[in-house]
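These numbers come from a predicted model, not from an experiment. Per chain, numbering begins at 1; letters A, B, ... match sequence-line order.
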2 protein chains.
Amino acid sequence: MGHKDHHQTKFIPSNAPTSRTAKFKNRQGLIEATLQALSDLGYANASVSEIIKRARLSRGMIHLHFGSKDNLVIETAKHASERYHAFLETCLKCAGPSPQEQVEAIVKHDLSEDVLNATSVRVWYELRGAIYFQKELASYSDTRDERLRNVLFHLFIQLLETYGLKEATQENAEDVTFAFLALMEGMWTDYLLHQNGFQRENAKRSVFRFLQTLFPDHFDLTGAKLT
Amino acid sequence: MGHKDHHQTKFIPSNAPTSRTAKFKNRQGLIEATLQALSDLGYANASVSEIIKRARLSRGMIHLHFGSKDNLVIETAKHASERYHAFLETCLKCAGPSPQEQVEAIVKHDLSEDVLNATSVRVWYELRGAIYFQKELASYSDTRDERLRNVLFHLFIQLLETYGLKEATQENAEDVTFAFLALMEGMWTDYLLHQNGFQRENAKRSVFRFLQTLFPDHFDLTGAKLT
DNA sequence: TCATTGTATGGACGATTGTCCATTTACATG
DNA sequence: CATGTAAATGGACAATCGTCCATACAATGA
């Protein structure tokens with residue numbers, strides 16, 4: 001009934017050409033709708049019907065644009081992953097060059113409202129869980145994986161070296177990286193589970209307290225309060 | 001065809017009475033099968049058909065024993081939660097009474113093969129994710145929740161007091177508890193994601209290194225090596 | 001031994017899943 | 001304006017979902 005009208009009012013404000021720009025917009029719309037459905041309903045209940053309802057598009061569009069629903073989910077994961085890494089890279093470039101400033105930037109990025117919010121945390125959790133029976137997701141649900149792990153490892157190496165702990169630097173840096181990543185993972189999980197009670201500032205303070213005990217010369221709790 | 005035979009050979013070895021013991025066994029069998037299905041397939045694909053296939057029972061049994069599939073999942077979560085807490089309590093009783101020994105016991109419990117294994121971690125993850133659209137699960141997927149949080153909080157209070165840091169003890173203990181739980185959460189997530197590469201000993205060492213930096217008088221890395 | 005009771009079976013049911021395609025719509029080009 | 005091509009629609013389809021029930025079975029008490 002009103003489907004066509006909705007589509008027109010949504011994507012063709014006046015009388016602009018539909019063709020390619022509209023096709024791209026619909027493609028993006030499906031991805032956004034999938035993110036929303038995953039967030040609202042979880043992977044188990046994010047059906048084709050629920051996705052197209054949110055996209056306000058017709059049933060066949062998923063097949064037309066993505067071939068299958070599985071593929072749509074994979075592309076959605078890819079989209080989310082790229083957004084995460086792009087924003088992270090921006091944050092790292094804006095921050096100062098010193099290791100402590102870089103680490104600080106990573107913490108603030110990962111706990112910022114742009115990254116750690118109700119929708120994205122839910123989607124991230126659901127897509128991770130789905131890796132088991134949708135192996136192709138693994139490559140795109142790699143938030144906080146090898147790339148970031150390597151960056152952190154080298155940052156911590158530098159920080160450890162300033163203490164002159166040459167002997168066990170390698171192993172120490174590995175352990176610190178491992179623990180730091182686990183800590184950040186845990187923060188996200190805590191946000192997921194206690195969305196109402198979660199205090200962003202407390203989370204930041206805990207992480208900086210952790211960093212402070214490890215590197216008392218480089219970190220203090222004032223870092224947790226800055227945006 | 002062979003359904004009856006399977007059932008008999010499984011639950012009635014010789015000619016024992018079926019009645020109540022068998023009913024209980026079938027009930028337990030369904031719960032175990034649900035755990036297996038959740039682990040193998042995830043919540044999204046753990047259908048009634050897949051569960052009864054693993055339990056080697058007939059379709060109607062779920063309705064008979066649990067009323068609905070949703071209820072079976074809830075009872076399964078309850079079962080898993082009770083098992084986790086019962087084992088944790090045993091570990092805490094076996095360990096020495098000092099705060100550092102109690103914390104150590106918690107770490108070793110949470111990273112032991114009995115608790116942190118392929119099946120249980122998968123189930124834990126899936127059930128947590130399902131809380132969103134199955135609210136009743138929340139009360140039984142509370143692994144590492146308020147109960148454990150309180151225990152840890154008081155243990156860390158005691159440890160902090162020995163340093164004479166009376167002023168900020170409360171806030172410090174909260175932060176430490178928060179960070180510690182996040183760290184353990186993250187370890188589980190890491191196990192989930194990198195099951196092949198995960199090194200139990202590395203995880204233990206990282207946690208103990210974390211504790212050592214916080215409480216250098218009470219913890220050292222030798223604790224990480226003991227079973 | 002026969003009736004009763006509780007347990008177990010497996011197929012039927014409507015609802016919903018993801019896929020696909022015949023059809024319609026709308027734009028770009030001749 | 002007419003024609004061709006790409007985009008979008010929404011219903012048809014088989015498969016599967018969870019629920020439920022008529023039936024069968026097995027053990028117990030009279």
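- At C:dT17, one or more side-chain N or O atoms of A:S47 fall inside 4.0 Å of OP1 or OP2 (strictly under the cut-off).
- Listed pair A:N26 / D:dA8 meets the phosphate criterion, a side-chain N or O lying under 4.0 Å from OP1 or OP2.
- With a 6.0 Å cutoff to the six-membered ring centre and a 45° limit on the axis angle, A:K204 does not count as a cation-pi contact of A:F210.
- Checking the phosphate oxygens (OP1, OP2) of D:dA7, no side-chain nitrogen or oxygen of A:H65 falls inside 4.0 Å.
- A straight line from CZ of B:R56 to C1' of C:dG10 spans 17 Å, rounded to a whole angstrom.
- Here the C1' atom of nucleotide C:dT24 and the CG atom of A:L64 are 14 Å apart, to the nearest Å.
- Here B:S49 does not reach the OP1 or OP2 of D:dG18: none of its side-chain N or O atoms lies under 4.0 Å away.
- Separating the CD1 atom of A:I52 from the P atom of C:dT17 is a distance of 10 Å, rounded to the nearest angstrom.
- Between A:H63 and D:dA8 there is no side-chain N or O to OP1 or OP2 distance below 4.0 Å.
- Regarding B:Y43, its OH atom lies at a distance of 14 Å from the P atom of D:dC17, rounded to whole Å.
- Looking only at side-chain heavy atoms (C-beta outward), A:M187 and A:S206 come within less than 4.5 Å of each other.
- No hydrogens or angles considered: nothing links the side chains of B:Y132 and A:N45 as a donor-acceptor pair under 3.5 Å.
- How far NE2 of B:H154 is from CD of B:Q102: 13.5 Å, rounded to the nearest 0.5 Å.
- Between the CZ atom of A:F24 and the P atom of D:dA8 there is a distance of 13 Å, given to the nearest Å.
- The CG atom of A:L41 sits 14 Å away from the P atom of C:dT16 (whole-angstrom rounding).
- For the segment residues 66-77 of chain B, residues with any heavy atom less than 4.0 angstrom from an atom of DNA chain D are, sorted by number, B:S68, B:K69.
- Comparing D:dT19, D:dA7, C:dT19 by their closest approach to the side chain of A:V48 singles out C:dT19.
- Comparing atom distances between the B:R59 side chain and each of D:dA8, D:dG18, C:dT19 picks out D:dG18 as nearest.
- Dense packing is recorded around CD of B:Q28, with more than 12 heavy atoms of other residues, nucleotides or ligands lying under 6.0 Å away.
- Look at CE on B:M61: it is 16 Å from C1' on D:dT19, rounded to the nearest Å.
- No hydrogens or angles considered: a donor-acceptor pair under 3.5 Å links the side chains of B:S49 and B:R59.
- In this structure, the side chains of B:E185 and A:W188 stay at 4.5 Å or more apart for every pair of heavy atoms.
- When rounded to the nearest whole Å, the span between CZ of B:R27 and P of C:dG6 equals 18 Å.
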